[in-house]
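Everything on this sheet refers to the single structure shown next.
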Amino acid sequence: MRSIRAAAVGAVTMSLALAASACGGGSSTGGGSNDSPKTLTYWASNQGASIAVDKKVLQPELDKFEEQTGIKVKLEVVPWSDLLNRILTATTSGQGPDVLNIGNTWSASLQATGALLPWDAKNFDKIGGKDRFVDSALGSTGAQGKDPAAVPLYSMAYALYYNKKLFADAGIAKPPATWDELIADGKKLSKGGTWGLGAEGSNPSENIHHTFVFAKQHGADFFTADGKPDFTSDGAVAAVKQYVDLMAKDKIIAPGNAEYAQNQSVSDFAKGKNAMLLWQSASSNLKSQGMSDDAYGIAPMPVQSGTPGTGTNVNSMVAGINMAVFKNTHNLDGATKFVKFMTGDAEQKILNTAYSTIPPVKTAQADAAFNTPANAVLKDTLAKSAVALPQVADESQFETAIGTAVKELFADAAAGRAVTTASVKAKLEKAQQQMPKK
């Protein structure tokens with residue numbers, strides 16, 4: 001997923017409070033039906049460089065579904081800045097789409113509202129079975145011990161994208177494998193209006209994704225084993241500081257990046273303004289902005305030392321998009337058929353190729369189309385060194401609280417204010433106080 005707004009905190013809390021009385025979908029009755037068997041509404045997340053690009057990708061596939069089934073799908077592509085709040089409003093009002101995309105990190109939070117159709121064995125059988133999907137993708141579909149709240153649609157992982165010409169001009173022979181190497185290379189590359197690394201300092205989701213990985217590399221987590229917030233451990237504080245220090249101390253990120261919130265760092269990389277980019281499955285986005293595939297390389301995200309792997313050498317969160325059905329849809333059979341269509345081998349190849357993502361369906365992922373060098377890095381990361389964000393009911397609040405704290409720290413760094421261990425801990429303490437009390 002990409003970004004969420006701070007207002008989501010209140011909306012999530014409201015949705016949890018009202019979940020018992022409203023279940024989303026086309027009515028407030030709380031139960032699905034087949035009253036409208038010939039139509040579906042679908043909220044798609046903005047995956048491409050623009051909403052227009054997504055419509056161009058998706059509409060032919062929706063037309064194909066209508067030809068096969070006689071069911072017309074009304075498409076709305078929703079920007080990431082609006083998507084979570086739109087969904088939460090639908091869960092409380094009972095007025096929403098039949099089928100929707102959700103960021104996979106939201107699965108447990110939205111599951112807790114009771115608004116989404118549970119994907120039990122019977123429902124999975126209708127789309128070909130649960131065992132069609134890779135384990136890493138299934139790990140981000142809801143809380144452990146419960147039936148998934150959604151079905152994997154697109155899988156992504158973070159990687160390091162680097163500009164080959166800028167590296168060659170700086171005399172750098174290979175991409176950095178550790179953070180110390182990245183900082184050293186970044187300093188060589190930060191000159192003449194070019195910066196070593198791009199970031200999205202005003203994007204809470206990007207902030208939480210990176211600080212989560214740094215925390216894992218410091219042997220820390222943001223929640224205890226029983227699901228309670230634990231934002232101020234030494235490892236968590238060190239993780240946040242290390243990330244913000246790429247701007248504040250190491251000076252390899254432009255101060256203006258503190259205000260970036262939605263794809264600006266990708267655009268800068270495509271234009272040669274940044275030599276490196278840490279991003280989820282960026283190839284299609286870069287291509288749409290005029291950057292040729294041979295202009296950049298792709299390498300695993302750095303670790304503290306050694307090579308990526310399990311434990312403290314985690315180098316990505318399990319990124320991706322899931323597909324969910326509102327439980328009280330007016331076309332339950334049609335919604336199920338649509339999920340089956342979108343997760344079928346043929347559509348998985350078409351859609352994941354269009355978005356440079358990895359199919360979460362095993363047979364589609366094994367297709368030769370996804371055996372490119374770039375995809376090899378992403379698939380290897382997902383298989384060996386990526387971990388799902390906490391699948392807890394408070395996950396959405398966690399993303400907003402920590403993501404906003406990091407945003408504020410980047411603003412401090414851009415303004416020349418000191419980012420110290422004490423100031424980082426104070427921001428994280430404030431974020432923890434914003435979490436729901438148990």
Side-chain angles (χ1 to χ4, degrees), residues 4 6 8-9 12-13 105-106 108-109 139-140 143-144 158 178-180 182-183 199 201 203-250 278 301-306 308-319 385-413 417-438:
I4 54 178
V9 174
V12 174
T13 303
T105 64
W106 302 340
S109 293
S140 295
Q144 290 186 358
Y158 276 90
T178 68
W179 292 111
D180 284 346
L182 181 140
I183 292 166
N203 185 328
S205 284
E206 285 297 305
N207 289 341
I208 193 60
H209 295 169
H210 292 305
T211 54
F212 172 77
V213 169
F214 274 112
K216 288 293 185 183
Q217 293 185 6
H218 282 277
D221 209 334
F222 286 103
F223 288 87
T224 62
D226 58 354
K228 295 179 180 178
D230 184 24
F231 297 173
T232 58
S233 68
D234 290 346
V237 172
V240 172
K241 188 174 188 301
Q242 184 179 8
Y243 180 48
V244 177
D245 270 348
L246 295 172
M247 178 187 291
K249 174 186 173 185
D250 306 314
L278 308 174
M301 286 267 286
V303 292
Q304 302 295 335
S305 63
T310 57
T312 56
N313 277 349
V314 163
N315 68 341
S316 177
M317 43 84 70
V318 177
S385 56
V387 175
L389 262 74
Q391 293 292 298
V392 296
D394 296 336
E395 200 282 332
S396 294
Q397 296 100 310
F398 155 65
E399 287 198 27
T400 303
I402 295 294
T404 301
V406 176
K407 173 183 174 179
E408 293 171 356
L409 288 164
F410 270 123
D412 287 342
R417 294 187 288 270
V419 176
T420 65
T421 298
S423 67
V424 171
K425 188 170 185 178
K427 292 286 188 185
L428 295 180
E429 285 177 344
K430 180 182 176 182
Q432 183 159 319
Q433 291 169 4
Q434 295 170 3
M435 295 295 289
K437 299 296 186 291
K438 299 294 184 181

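Looking at heavy atoms from C-beta onward, Q242 lies out of side-chain contact with Q217 at the 4.5 angstrom threshold. Side chains of P308 and M301 form no contact here, defined as non-hydrogen atoms less than 4.5 Å apart. Counting heavy atoms from C-beta outward, P204 and T400 have side chains that stay 4.5 Å or more apart. Taking 4.5 Å as the limit, every side-chain heavy atom of F212 sits out of range of all side-chain heavy atoms of I402. In this structure, the side chains of V419 and V424 come closer than 4.5 Å at one or more pairs of heavy atoms. Side-chain contact between V213 and Y158 is absent, with no heavy-atom pair separated by less than 4.5 Å. Under the 4.5 Å side-chain criterion, counting only non-hydrogen atoms from C-beta, V406 is not in contact with I208.
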Yes or no on side-chain contact (heavy atoms from CB on, under 4.5 Å) for D230 and D221, after CA distance, side-chain angles and deciding distance?
CA-CA 7 Å; D230 184 24; D221 209 334; over 6 Å; no
Working note: T105 + E399, criterion side-chain hydrogen bond (donor to acceptor under 3.5 Å, both in side chains); need CA distance, chi angles, decisive distance, verdict.
CA-CA 9 Å; T105 64; E399 287 198 27; 2.4 Å; yes
Pair K427, V240 - check side-chain contact (heavy atoms from CB on, under 4.5 Å), show working.
CA-CA 10 Å; K427 292 286 188 185; V240 172; over 6 Å; no
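Counting all heavy atoms, side chain and backbone alike, A411 lies closest to R417 at O-NH2, 3.7 Å. When all heavy atoms of A405 and A431 are compared, the pair lying nearest together is CB-CB, 4.4 Å. When every heavy atom of D394 is checked against every heavy atom of P436, the shortest pair comes out as OD1-CG, 3.8 Å. The two residues Q391 and G139 have their closest heavy-atom pair at CG-O, 3.6 Å. Of all heavy-atom pairs spanning L389 and F398, the tightest one is CD2-CE2, 4.3 Å. Taking every heavy atom of both residues into account, V314 and K216 meet most closely at CB-CB, 4.0 Å.
There is a side-chain donor-acceptor pair under 3.5 Å between T224 and D226. Side-chain polar atoms of T312 and Q304 form no donor-acceptor pair below 3.5 angstrom. At a cut-off of 3.5 Å, with distance as the only test, a side-chain donor of N315 or S385 sits close to an acceptor on the other residue.
More than 12 heavy atoms of other shown residues, nucleotides or ligands fall within 6.0 angstrom of atom NZ in K241.
Here the CG-CG distance, from L182 to D250, works out to 9.0 Å after rounding to the nearest 0.5 Å. In this structure, CZ in F222 is found 10.5 Å from CD in Q432, a value given to the nearest 0.5 Å.
At least one donor-acceptor pair closer than 3.5 Å links the side chain of S109 to the backbone N or O of E395. Side chain of Q434 to backbone of A401: no donor-acceptor contact under 3.5 angstrom is found.
Contacts of F410 classified as ring pair (Phe, Tyr, Trp, His ring centres under 6.0 Å), with partners at least two apart in sequence or in another chain: Y243.
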